[in-house]
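Below is one structure, written out as structure tokens; the observations come after it.
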Amino acid sequence: MEAAARSGRGVWEGLYRVLMRRNSVYVTFVVAGAFLGERAVDYGVHKLWEYNNVGKRYEDIPVLGQRPSE
């Protein structure tokens, strides 16, 4: 039990040493995480919107703007 608690604490201490010891590394990590998170959410919402609106979009209308042939 004691070793498991120590190893869990060691992971957090390692992350602290790598990411939060220097302000420049921490700020870079936060900015990169925010950028990548925004891209992931944007992609997911876009795919969900396309899935829910298939057949209702402008691209799905085959003869939009064409005159009927005589």
Side-chain angles (χ1 to χ4, degrees):
M1 186 73 174
E2 189 76 26
R6 245 185 254 157
S7 72
R9 196 170 33 202
V11 170
W12 291 114
E13 288 175 5
L15 283 174
Y16 173 77
R17 264 190 243 113
V18 170
L19 295 176
M20 293 195 234
R21 228 159 167 193
R22 295 179 54 197
N23 192 38
S24 59
V25 175
Y26 180 69
V27 169
T28 303
F29 175 74
V30 169
V31 170
F35 178 75
L36 294 174
E38 183 269 336
R39 300 283 294 182
V41 169
D42 185 46
Y43 178 78
V45 169
H46 181 73
K47 288 296 178 185
L48 182 65
W49 188 88
E50 281 185 345
Y51 175 76
N52 286 330
N53 290 302
V54 73
K56 303 175 192 174
R57 299 176 305 153
Y58 180 80
E59 293 87 16
D60 296 334
I61 302 171
V63 292
L64 189 66
Q66 296 179 359
R67 294 184 181 194
S69 59
E70 294 178 17

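This is a predicted model, so every value here is computed, not measured. In what follows, residues are counted from 1 in the order of the sequence shown.
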**Asked** What is the minimum heavy-atom distance between Val18 and Val25, and which atoms define it?
**Response** O-CG1, 3.5 Å
**Request:** State yes or no: do Leu36 and Val41 share one hydrophobic cluster built from I, L, V, M, F, W and Y residues joined by side-chain heavy-atom distances below 4.5 Å, directly or via other members?
**Result:** no
**Asked** Is a side-chain N or O of Asn53 found less than 3.5 angstrom from the main chain of Trp49, in a donor-acceptor match?
**Response** yes
**Request:** Sequence neighbours left out, what passes side chain to side chain donor-acceptor pair (under 3.5 Å) with Glu13? Give chain and number order.
**Result:** none
**Fill in**
Sequence neighbours excluded, the answer for side chain to side chain donor-acceptor pair (under 3.5 Å) partners of Arg57 is Asp60
**Message:** If hydrophobic clusters are built from ILVMFWY residues whose side chains come within less than 4.5 Å, do Val27 and Phe35 share one?
**Reply:** no
**Partner set under salt bridge (Lys or Arg N to Asp or Glu O under 4.0 Å) for Lys47, not counting sequence neighbours** = Glu50
